[in-house]
Each structure stands twice: as structure tokens, then as C-alpha cells.
Amino acid sequence: MIAWTDANNMPELPEVETVARGLQRAVVGRKILSVTLGKTDFIDDPETVEKQLPGRKILAVERYGKFLLLRLSGNEGAGQGNEGVALLVHLGMTGMLLPQAVKEPQRKHTHVVLQLDDGQELRYVDPRRFGRIAYLAGEVLSGELRRFGADPLEVGLEEFARRIRARRARVKALLLDQHVLRGVGNIYADESLWKAKIHPAQLGTRLKTHQVEQLYGALQDILQKAIALRGSSISDFLDAEGLPGEYQRHHRVYGREGKGCSRCKTPIRRVIVAGRSSYYCPNCQKAPRGWKKKGRAKTEASRRTGASKTRKS
DNA sequence: CGTTGAACCTGTTTGC
DNA sequence: TGCAAACAGGTTCAAC
């Protein structure tokens with residue numbers, strides 16, 4: 001029914017972690033011989049990428065929030081605030097980084113190809129080009145990384161509590177804000193809130209201590225389980241490596257509008273919070289006082305080309 | 001300051 | 001049956 005849940009790409013923290021692990025095996029230690037670019041509107045500075053990558057070795061592949069970080073050779077002075085040299089890759093919604101043999105036919109929407117020294121190529125494929133690629137080094141790289149919040153799997157309870165209560169915004173918005181926590185996306189935010197029995201529209205500042213603790217535990221637990229199951233199904237690259245993700249089978253609310261809550265059988269609802277589809281159990285997750293799921297009707301403001309939609313399933 | 005909505009882009013799904 | 005419009009995802013930016 002909810003057909004789009006079987007889309008095979010929803011790269012959030014667990015999916016990106018899975019890709020990073022696969023790439024560690026496939027490309028670490030390889031030298032980049034040359035670069036071929038297709039469409040470049042999602043690349044920060046295409047010329048720099050083209051000029052700087054050839055000759056460098058891929059030293060490591062790390063996950064940083066939803067980014068993949070390909071650490072590159074060329075600045076041995078790394079450390080102490082100097083992050084060295086790296087290629088930053090954000091998969092956006094439909095991005096894939098695929099190690100493939102040169103002779104393998106290129107998929108449609110292949111926009112970046114790195115020729116490696118072992119007969120393989122690392123190909124970036126992204127139909128919608130919602131991703132981002134940037135070559136960054138030294139201070140610029142450090143600065144860019146500093147912009148993001150804590151890693152949800154590494155952050156301690158105290159810091160988590162401080163961050164999630166710091167602003168007077170809805171908890172869903174806070175979870176999705178990469179400057180608060182890095183790596184959480186729509187699926188895992190909803191799943192965690194359900195597990196912690198917190199309504200997505202609840203204000204972060206209003207959360208009780210026990211709720212913050214529940215959320216902290218739920219988020220880590222869910223992310224770890226999802227990683228163990230290789231995320232919620234993702235790219236072909238994984239097929240080559242092993243199995244597609246399995247976590248989507250464990251979704252309790254995401255994409256399950258109208259189906260019974262697995263705790264209390266109440267039909268799961270979908271509302272828009274923080275501008276995003278949010279799935280929750282209206283019984284387990286009590287709405288904050290004064291929050292009305294106002295119909296998104298009356299969009300009279302949009303005159304444009306009769307763009308106002310008024311969806312309201 | 002926080003929230004909302006549009007824009008970016010394309011493949012897939014829905015609706016008439 | 002066929003085509004047009006809606007819709008999804010993450011992020012940024014402009015406008016309330």
C-alpha cells in the first residue's frame with residue numbers, strides 16, 4: 001500500500017554507516033588515477049575536484065553524520081585542528097557510491113567517476129542530484145565539520161539532554177537538525193519518538209527528564225539495531241557486498257499510516273511536523289497541549305500557478 | 001527565534 | 001488507456 005516505503009534509498013545514519021563500511025573494504029588503500037565528471041551542479045567546486053583528486057590515495061572512509069568522508073593523502077600534517085584532506089560526499093536522497101569494474105556498464109545518472117589503481121572505479125550515481133560533493137582541506141575542512149552537532153551514537157546522556165532542550169522548537173525539528181545531532185533523518189526520528197512515547201510536536205524545552213532519557217535510549221537502540229541490519233535497504237553496491245538492508249521490516253510507525261500501533265493497536269497517523277511527514281500513535285504519543293493538527297487547508301496565500309495543495313488524505 | 005513553504009530534481013505513483 | 005499532477009527525500013533560504 002504505502003508504496004514508497006520500498007524505495008531503496010533513504011540514507012540516514014545507519015545506511016551511510018553501512019555504505020562506509022562497504023567502501024572501507026573496497027577502496028581504502030587505492031590511489032585515484034583520474035576523475036571524470038558528468039553533471040556538476042551538486043559539486044561545490046568541480047574544477048578543484050578534478051584537479052586535486054588525481055594522484056591521491058584513499059586513506060580511510062568514515063561516516064560523519066550523513067556524510068561520507070574519504071580521507072585522502074597529501075597533507076601529512078593532519079591532526080590538532082588540521083583535518084587534512086578529504087572528499088565529502090552527501091548522498092542526499094538518491095545518491096549511491098558504487099565501486100565497480102571499469103568494464104561494468106555505467107548506470108544512468110552517473111555523475112562522478114574516480115578511476116582507481118586496481119581496475120575498479122568509484123562511481124557516484126544520483127538521479128535527483130540532491131547530494132553534495134566537496135573537496136575540502138585543512139581549516140576549511142575542520143570548519144565545515146565543526147558546523148555539525150553531536151553524533152547520536154557517541155553523545156553522552158547529559159550532552160544529549162542539553163542539546164535537545166536547548167531550543168524552544170519541536171522535538172522532531174530538533175532531532176532532524178543536523179547542527180543539534182548529526183545523522184538523524186525522518187525515519188529514525190519517528191521510530192525513536194514512538195519508542196520513547198513522545199509526540200513529534202512536543203517542544204524540546206518541555207520534555208521531562210525521564211522523557212529525555214527514554215528518547216536517548218530509544219534513539220541509540222534503534223540506530224544500533226538498524227546498523228546491525230545494514231539499514232533500511234539500500235543500493236546495489238550492497239548487493240555486491242552482501243545483503244540489502246533489512247531494517248525496514250522493523251519500522252513501527254514510519255510509512256504505516258492507518259495500520260495498528262504494535263503496542264496498542266490504535267491506527268497510526270501521519271501529520272506534518274517541522275515540514276515533514278511524521279508518523280505516530282495518537283494513543284501512545286500524547287499531543288502537547290494547544291497543538292492542533294490543523295488541516296493544511298486554507299492555503300489561499302499561494303497564488304502562483306494554483307499551487308496550493310490542501311492534501312488531507 | 002521559530003516556523004512555514006518554496007526551490008532544487010527526477011522516478012514513481014496517483015488521479016482524472 | 002494515457003497523460004498530467006502529486007509526491008518523496010534532505011538541505012537551504014526567504015518570508016512571515
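Every chain is numbered from 1, with letters handed out A, B, ... down the list of sequences.
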Candidate pair A:Y280 and A:V253, rule side-chain contact (heavy atoms from CB on, under 4.5 Å), full reasoning: CA-CA 6 Å; A:Y280 72 105; A:V253 287; 5.6 Å; no
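- No side-chain heavy atom of A:L69 sits less than 4.5 Å from a side-chain heavy atom of A:V61.
- For A:M93 and C:dT11, the CE to C1' distance is 14 Å, given to the nearest whole Å.
- Taking every side-chain heavy atom of A:S277 into account, C:dG9 is the closest of B:dC9, C:dG9, C:dT11.
- With sequence neighbours left out, A:R132 forms a side chain to side chain donor-acceptor pair (under 3.5 Å) with A:D44, A:E144.
- Contact annotation: A:R182 does not reach the phosphate of C:dT11 (side-chain N/O to OP1 or OP2, under 4.0 Å).
- Rounded to whole Å, the distance from CG on A:L88 to C1' on C:dT11 is 14 Å.
- A:K39 places its NZ atom 14 Å from the P atom of B:dC8, with the value rounded to the nearest Å.
- For the residue pair A:S34/A:Q115, the side-chain donor-acceptor check at 3.5 Å is satisfied.
- The existence of a salt bridge linking A:R252 and A:E191 is excluded, since no basic side-chain nitrogen approaches an acidic carboxylate oxygen closer than 4.0 Å.
- A:L91 places its CG atom 12 Å from the C1' atom of C:dG9, with the value rounded to the nearest Å.
- Separating the CD atom in A:E158 from the CZ atom in A:F160 is a distance of 13.5 Å, to the nearest 0.5 Å.
- Proximity of A:H179 to the phosphate of C:dT11: no side-chain N or O atom is located under 4.0 Å from OP1 or OP2.
- Within residues 194-209 of chain A, no residue is approached by DNA chain C to less than 4.0 Å at the level of any non-hydrogen atom.
- Checking side-chain atoms of A:T94 against main-chain N and O of A:R128 turns up a donor-acceptor pair under 3.5 Å.
- Between A:H90 and A:F67, the gap from one ring centroid to the other is short of 6.0 Å.
- Nearest heavy atom pair, residue A:P282 against residue A:P267, reads CD-O, 3.3 Å.
- Distances shown here put every side-chain N or O of A:Y188 at or beyond 4.0 Å from the OP1 or OP2 atom of C:dG9.
- Here A:L97 contributes atom CG and A:Y124 contributes atom OH; the two are 7.0 Å apart, rounded to the nearest 0.5 Å.
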Working for side-chain contact (heavy atoms from CB on, under 4.5 Å), residues A:L193 and A:V171: CA-CA 9 Å; A:L193 289 169; A:V171 64; 3.9 Å; yes
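- Listed in residue order, the members of residues 166-176 of chain A having a heavy atom less than 4.0 Å from DNA chain B are A:R167, A:R168, A:A169, A:R170.
- A:F42 places its CZ atom 18 Å from the C1' atom of B:dA7, with the value rounded to the nearest Å.
- Within residues 122-133 of chain A, the residues having any heavy atom closer than 4.0 Å to DNA chain B are, in order of number, A:P127, A:R128, A:R129, A:F130.
- For the OP1/OP2 pair of C:dT11 and a distance below 4.0 Å, the side-chain nitrogens and oxygens of A:K66 include at least one atom meeting the criterion.
- Atom-to-atom, CG of A:D44 to P of B:dC8 comes out at 18 Å; the value is rounded to the nearest Å.
- Side-chain N/O atoms of A:S277 and A:R270 include a donor and acceptor closer than 3.5 Å.
- Grouping Ile, Leu, Val, Met, Phe, Trp and Tyr residues whose side-chain heavy atoms lie under 4.5 Å apart, directly or via other members, leaves A:L176 alone, with no other cluster members.
- The shortest distance between the side-chain N/O atoms of A:H109 and the OP1/OP2 oxygens of B:dT10 is not below 4.0 Å.
- Judged by distance alone, the side chains of A:R56 and A:Q52 do bring a donor and an acceptor atom under 3.5 Å apart.
- Atom NZ in A:K108 sits roughly 16 Å away from atom P in B:dC9 (whole-Å rounding).
- An angle of 70°, rounded to 10°, separates the two end axes of the helix from B:dG2-C:dC16 to B:dC16-C:dG2, each defined over five pairs.
- With rounding to whole Å, A:E12 atom CD is found 14 Å from C:dT11 atom C1'.
- An OP1 or OP2 oxygen of C:dT12 is reached within less than 4.0 angstrom by a side-chain nitrogen or oxygen of A:R147.
- A:N283 and A:K265 form no side-chain donor-acceptor contact under 3.5 Å, judged by distance and modelled atom types alone.
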